Amino acid sequence: MRLLHSSPAIALPFALIAALGLTASSAAADPDPNPDPGALRLPISEAQRPITLPRFVASPAVGFQFDHRAEGTYGELDVTGAFGITDDLMVHALVAPLQLSSPPGDGGFQYGETNRNQGPSIGAKYRFVRGEAELAADLTGHVFTLPGYSSGGSVIPAVLFRLHASPSFRIDLDPAVTFQLATQSGTGASANAVRLDVPLALLGNVTEALDLGLNTGLTIYDVSETRSSTGIPLGFFLGYVLRGAHGPAADIDPFFNFPYFVMPGRVSPTNTEQYQVGVTVTGYLYL
């Protein structure tokens with residue numbers, strides 16, 4: 001607790017959150033060229049988007065990122081998809097978690113990423129509460145395809161909360177627990193682990209098509225080593241929407257993130273050596 005009060009790095013995310021909230025609240029949205037809101041099946045503004053996809057809307061996406069660590073830089077590409085079964089129920093899948101490059105001796109090109117998505121996944125999300133404050137639950141399962149595991153996977157239950165604080169500002173809080181059950185190849189040793197993530201995202205629309213935001217929260221990479229593996233992330237993102245006839249045709253979202261910006265349990269708590277930079281492009285098909 002003493003470290004949290006004494007480190008100026010801890011205060012930075014909260015100062016930025018306050019600034020973002022003031023900016024988003026005062027921003028005026030672009031005039032809507034289509035005055036009939038019923039013609040749009042999904043809002044153009046990111047701040048007004050629901051927590052689940054509407055019925056019969058499909059959403060393929062491609063995400064690319066560089067993950068820089070002490071041992072070197074990893075290049076990663078993810079191909080995902082989601083589909084709205086009803087307005088409150090959607091399914092989603094990570095089809096291709098591809099590691100394109102890595103530091104020497106750490107896998108190179110492979111199906112499954114060393115440090116992030118270790119294999120494909122499938123999951124479902126259900127929204128229990130609609131309105132200005134939305135509440136949903138998500139369950140995702142991964143199958144590991146990395147050469148380092150002879151078998152393994154993970155199950156990730158999550159609770160999703162979204163607050164539409166204003167027409168141009170929203171808050172997302174999505175606590176999740178990862179239960180990993182895996183066996184290392186060669187040795188047969190256990191690679192079981194339990195992880196906790198409590199991401200907090202704040203997003204503001206500067207115009208109807210342009211948004212910006214901040215990520216922070218809490219991450220415990222391994223609850224059995226809570227003191228040394230607890231981190232406070234700090235990230236920034238932008239978003240630009242290409243408009244279609246029934247809603248967004250595509251989102252283009254570049255981002256920059258320190259996944260463990262502050263690690264309170266360490267002697268030197270600030271960690272800027274590890275960072276991620278990338279872009280995600282998401283399309284929308286109205287079926």
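The model shown is predicted, which means the values in this text are computed figures rather than measured ones. Just so you know, these numbers use all the heavy atoms, side chains as well, and skip hydrogens, waters and symmetry mates.
Tracing side-chain contacts under 4.5 Å through hydrophobic residues (I, L, V, M, F, W, Y), one never reaches Val79 starting from Phe144; they form parts of separate clusters. In the hydrophobic clustering of this structure, Leu200 groups with Phe256; members are Ile, Leu, Val, Met, Phe, Trp, Tyr whose side-chain heavy atoms approach within less than 4.5 Å, directly or through other members. Following chains of ILVMFWY side-chain contacts shorter than 4.5 Å, one can reach Ile220 starting from Phe179, so the two form part of one hydrophobic cluster. Leu181 and Tyr149 fall into different hydrophobic clusters, defined by Ile, Leu, Val, Met, Phe, Trp and Tyr side-chain heavy atoms under 4.5 Å apart, directly or through other members. Both Phe261 and Phe236 are assigned to one and the same hydrophobic cluster, defined by single-linkage of ILVMFWY side chains at heavy-atom distances under 4.5 Å.
The closest donor-acceptor contact from the side chain of Thr219 to the backbone of Tyr221 lies at 3.5 Å or more, if one exists at all. Judged by distance alone, with hydrogens and angles left aside, the side-chain atoms of His142 form a donor-acceptor pair with the main-chain N or O of Gly119 at under 3.5 Å. Between the side chain of Glu225 and the backbone N or O of Ser229 there is no donor-acceptor pair closer than 3.5 Å. Between the side chain of Gln110 and the backbone N or O of Pro147, no donor-acceptor pair lies under 3.5 Å. At least one donor-acceptor pair under 3.5 Å links the side chain of Lys125 to the backbone N or O of Ile51.
Looking at every heavy atom in both residues, His68 comes nearest to Thr73 through ND1-OG1, 3.0 Å. When every heavy atom of Asn257 is checked against every heavy atom of Gly235, the shortest pair comes out as OD1-CA, 3.5 Å. Contact detail for Ala176 and Ile156: the closest heavy-atom pair is CB-CG2, 4.0 Å. The shortest heavy-atom contact between Arg130 and Asp87 is NH2-CB, 3.8 Å. Considering all non-hydrogen atoms of both residues, Val177 and Pro157 come closest at O-CD, 3.0 Å. When every heavy atom of Pro269 is checked against every heavy atom of Pro264, the shortest pair comes out as CB-CA, 4.4 Å.
Using a 4.5 Å heavy-atom cutoff, the side chains of Pro259 and Gln274 are in contact. A heavy-atom distance below 4.5 Å is found between the side chains of Phe255 and Thr280. Proximity of Glu273 to Phe258: side-chain heavy atoms (C-beta onward) are nowhere separated by under 4.5 Å. When side chains are defined from C-beta on, Ile85 counts as touching Val91, because their heavy atoms get closer than 4.5 Å. Counting heavy atoms from C-beta outward, Ser224 and Thr226 have side chains that stay 4.5 Å or more apart. Using a 4.5 Å heavy-atom threshold, the side chains of Leu212 and Val206 count as touching. Using a 4.5 Å cut-off on side-chain heavy atoms (C-beta onward), Gln180 and Arg195 make contact. Side chains of Leu135 and Val159 form a contact here, defined as non-hydrogen atoms less than 4.5 Å apart.
How far CD of Glu208 is from CG of Asn205: 8.0 Å, rounded to the nearest 0.5 Å. Taking CG from Asp222 and OG1 from Thr230, the interatomic distance works out to 10.0 Å, rounded to the nearest 0.5 Å. To the nearest 0.5 Å, atom CZ of residue Phe237 and atom CD of residue Glu46 are 8.0 Å apart. Taking CG from Asp67 and OG1 from Thr114, the interatomic distance works out to 9.5 Å, rounded to the nearest 0.5 Å. Once rounded to the nearest 0.5 Å, the distance linking CD of Glu71 with OG of Ser102 reads 9.5 Å. With rounding to the nearest 0.5 angstrom, the CG atom of Leu94 is 5.0 Å from the CG atom of Asp78.
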Next item on the list: Take His92 and Thr140 through the test side chain to side chain contact (heavy atoms under 4.5 Å, CB included) and record every step on the way to the result.
Entry: CA-CA 9 Å; His92 54 84; Thr140 301; 3.1 Å; yes
Next item on the list: Please step through side chain to side chain contact (heavy atoms under 4.5 Å, CB included) for the pair Val262 and Asn271, ending with a clear verdict.
Entry: CA-CA 6 Å; Val262 175; Asn271 174 25; over 6 Å; no
Checklist line | Stepwise side chain to side chain contact (heavy atoms under 4.5 Å, CB included) test for Leu287 and Phe83 | finding: CA-CA 10 Å; Leu287 307 178; Phe83 180 73; 3.6 Å; yes
Margin query: Let's go through Leu203 and Arg162 carefully: what are the C-alpha distance in whole Å and the side-chain angles of both, what is the deciding distance for side chain to side chain contact (heavy atoms under 4.5 Å, CB included) to 0.1 Å, and is it a yes or a no?
Written below: CA-CA 11 Å; Leu203 179 148; Arg162 175 168 293 179; over 6 Å; no
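Applying the under-4.5 Å side-chain rule to Ile, Leu, Val, Met, Phe, Trp and Tyr, the cluster around Leu139 extends to Val155.
A cation-pi geometry, defined here as NZ or CZ lying under 6.0 Å from the six-membered ring centre and within 45° of its normal, does not hold between Arg41 and Tyr286.
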Side-chain donor/acceptor pairs under 3.5 Å, residues 54-65, sequence neighbours excluded:
{"unit_1": "Ser59", "atom_1": "OG", "unit_2": "Gly283", "atom_2": "O", "d": "3.3"}
{"unit_1": "Gln65", "atom_1": "NE2", "unit_2": "Glu76", "atom_2": "OE1", "d": "2.7"}

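A salt bridge links Asp88 with Arg127: the closest approach of a Lys/Arg side-chain nitrogen to an acidic carboxylate oxygen falls below 4.0 angstrom. Ionic pairing of Arg170 and Asp172 is present here: one or more N-O contacts between side-chain nitrogen and carboxylate oxygen are shorter than 4.0 angstrom.
Just one residue in the list Glu134, Arg49, Gln48, Glu132 forms a side chain to side chain donor-acceptor pair (under 3.5 Å) with His164, and that residue is Glu134.
In summary, the side chains of Asp253 and Tyr240 do not present any donor paired with an acceptor at a separation below 3.5 Å, with no hydrogens or angles considered.
Partners of Asp106 by side chain to side chain donor-acceptor pair (under 3.5 Å), not counting sequence neighbours, listed by chain and number: Tyr74.
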